[in-house]
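Scroll down for the structure; my scribbles are underneath it.
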Amino acid sequence: MSIPLCSILIATRNRPNILAETFDRLREKGFGDYPMWIYDDASEDADAIARVVATWPGAQLRRGDTQRGQAHGRNVLFHTCGTPYAICLDDDQYFIEEGNLKEYLMADRTPAAYAAVSFQCRAKKDGRLDRPADQPSGLTTWFMGGCVLFHIPTILAIGGYRDWWVYGYEEPELAARLFKAGHRIWYESSILIEHNQWYNPSERRDYGEYDFLYARNAILLTSMNYPLLMGLPLGMARSIRRALYLRRNYERKLWGFFCGIAMTFTRWTERTPMSWEAAREWMRLNRA
C-alpha cells in the first residue's frame, strides 16, 4: 500500500452539524480516500464532534483541553498527520472544483516548488469570490488558512503558525515569514472551494475575544516581522483603523492595542524582522 502524499486538516469548535455537512460534500467530490485529521479546539460537546469524525473511515481526532485557536490546532495537525502535503480547510469549506490540485502533489519535489498553493473561494450565501473571477493563476502574497495546500516540511521549517497567536491575521503573518525565508506562494485559479458560512447560537462565538485578538494581532503582524521603527507604527495604525471600522467592544480593542505593543517586547526574542529593503518590497507586492 502506497503512503498517501496529502491529508485534509480541519480545525473545528462547537460545530458538529456543519462539520458533518462538510464531510458529505467532500465525499461527493471524490475526497473520501484522503486521510482526514481533525483538531477539536475544546468543543463544549466533544462527543458530538467525535461522532462526526467517526463517520470518515480512518479519520484521526486530536482534542485540546482548553481553547487555543486554529493557529495552534493546525500546528498540532502539521506535526501529526505524517504526509508531506496537507489541504487545510475550515470546518465549513469543501471543494466545488478540484481543478489542477493533483499537479501540486509531487513525490519528487524540487527545492523551487511552492510552499503554499492558494485556492479560489466562493461564499455559498451570496456567491462572492475571494479573488476576481478573471484573476489568472500566478504568484501571490496571500492565502486563507482554510483554503490552501501546504508543503508541511517547508511550513514547519519556519516554525508553522505562531502557536500563541490564537487567530486573527495568522495567515498574512505566516506568509510574511515564508517570503523572508525565500519561499513562494502560488494561486491556482482552477481550484474552487465553497464557504458554507452561517452562524447559530450553539457556536457560542465570543466577539469580545475576536475584537481583542484582531486589535492585538494587527500590531504584531508587522512589529514581529518588519524593522521595529517601521513595523510598530504601521501595526498601531492598522489596529486603530480596524477598531474604528467595527463599532463595538471598544474596551476590549483598547486592551488588545496595548497588549500588541507590550507583546512586541515581551516576545522580542521571537521576532523575525526583515531588512528594510525586504519589508518595503513585501509591502509593494501586497499593494500590487
Quick check for you: to the nearest 0.5 Å, what is the distance between Ser189 atom OG and Leu129 atom CG?
11.5 Å

Do Leu234 and Ile219 sit in one hydrophobic cluster, given that two such residues count as connected whenever their side-chain heavy atoms are within less than 4.5 Å of each other, even indirectly?
no

Pairwise side-chain contact, Phe179 with Leu285, heavy-atom cut-off 4.5 Å (strictly under)
yes

Phe119 and Ile87, any side-chain heavy atoms less than 4.5 Å apart:
yes

Using a distance-only test with no angle check, is there a side-chain donor-acceptor pair under 3.5 angstrom linking Tyr226 and Trp276?
no

For residues Glu188 and Leu101, determine if any side-chain heavy atom of one lies less than 4.5 Å from a side-chain heavy atom of the other.
no

Phe150 and Phe143 aromatic centres sub-6.0 Å:
yes

State plainly whether one hydrophobic cluster holds both Leu9 and Ile155, where clusters connect Ile, Leu, Val, Met, Phe, Trp and Tyr through side-chain heavy atoms under 4.5 angstrom apart.
yes

Is Asp130 paired with Arg128 through a side-chain N to carboxylate O contact shorter than 4.0 Å?
yes

Any chance the rings of Tyr39 and His72 have centres within less than 6.0 Å?
yes

Heavy-atom check, side chain of Leu221 versus side chain of Pro172, under 4.5 Å
yes

Can you find a side-chain donor-acceptor pair between Arg109 and His151 that sits under 3.5 Å?
yes

Is the number of heavy atoms from other residues, nucleotides or ligands under 6.0 Å of Asp126 CG greater than 12?
yes

Under 3.5 Å, is there a donor-acceptor pair between the side chain of Asn249 and the main chain of Tyr207?
yes

Hey, are the side chains of Leu228 and Pro273 touching, using non-hydrogen atoms and a 4.5 Å cut-off?
no

Look at the aromatic rings of Tyr114 and Tyr104 and report parallel, tilted or perpendicular, splitting at 30° and 60°.
tilted

Tell me whether Trp142 shares a hydrophobic cluster with Leu89, the cluster being built from Ile, Leu, Val, Met, Phe, Trp, Tyr side chains joined at under 4.5 Å.
no

Whether the side chain of Thr80 engages the backbone of Val76 through a donor-acceptor N/O pair (distance < 3.5 Å, no angle test) should be reported.
yes

Side chain to side chain, Asn225 and Lys180, heavy atoms closer than 4.5 Å:
no

Got a salt bridge between Arg13 and Asp41, using NZ or NE/NH1/NH2 to carboxylate O under 4.0 Å?
no

Say whether, by atom type as modelled, one donor and one acceptor occur between the side chain of Glu194 and the main chain of Tyr94 under 3.5 angstrom.
no

Short side-chain donor-acceptor distance under 3.5 Å, Glu170 and Asn217:
no

Tell me whether Trp56 contacts the main-chain N or O of Tyr34 through its side chain, where contact means a donor paired with an acceptor under 3.5 Å.
yes

Can any side-chain N or O of Thr55 pair as donor or acceptor with the backbone N or O of Arg51 at less than 3.5 Å?
no

Does the side chain of Thr141 pick up a donor-acceptor pair with the side chain of Arg284 at under 3.5 Å?
no

Indicate, with yes or no, if Phe78 and Ile38 share a hydrophobic cluster defined by side-chain heavy-atom contacts under 4.5 Å among Ile, Leu, Val, Met, Phe, Trp and Tyr.
no

Hey, are Asp91 and Thr22 close enough side-chain-wise for a donor-acceptor pair under 3.5 Å?
no

Is Ile158 close to Thr272 at the side-chain level, that is, under 4.5 Å between some pair of heavy atoms?
no

Regarding Arg15 and Asp92, does a basic nitrogen lie under 4.0 Å from an acidic carboxylate oxygen?
yes

I'd like to know whether CH2 of Trp255 has more than 12 heavy-atom contacts from other residues, nucleotides or ligands below 6.0 angstrom.
no

Flag this pair as yes if the NZ/CZ of Arg267 is under 6.0 angstrom from the six-membered ring centre of Trp164 and inside a 45 degree cone about the axis; otherwise no.
yes

Any idea how Trp268 and Phe265 line up, ring-wise: parallel (<30°), tilted (30 to 60°), or perpendicular (>60°)?
parallel

Could you tell me whether Asp211 and Arg248 make a salt bridge, using a distance below 4.0 angstrom between a side-chain N and a carboxylate O?
yes

Quick one: does Leu149's side chain get under 4.5 Å of Ile191's, heavy atoms only?
no

Lys/Arg-Asp/Glu bridge criterion (N-O < 4.0 Å) met for Arg27, Glu21
no

Please check if Phe95 and Ile10 belong to a single hydrophobic cluster, counting links between Ile, Leu, Val, Met, Phe, Trp and Tyr side chain heavy atoms closer than 4.5 Å.
yes

Is it true that Thr140 and Arg131 share a donor-acceptor pair across their side chains at a distance under 3.5 Å?
yes

Checking the side chain of Ser43 only, and the main-chain atoms of Ala46 only, is there a donor and an acceptor separated by less than 3.5 Å?
no

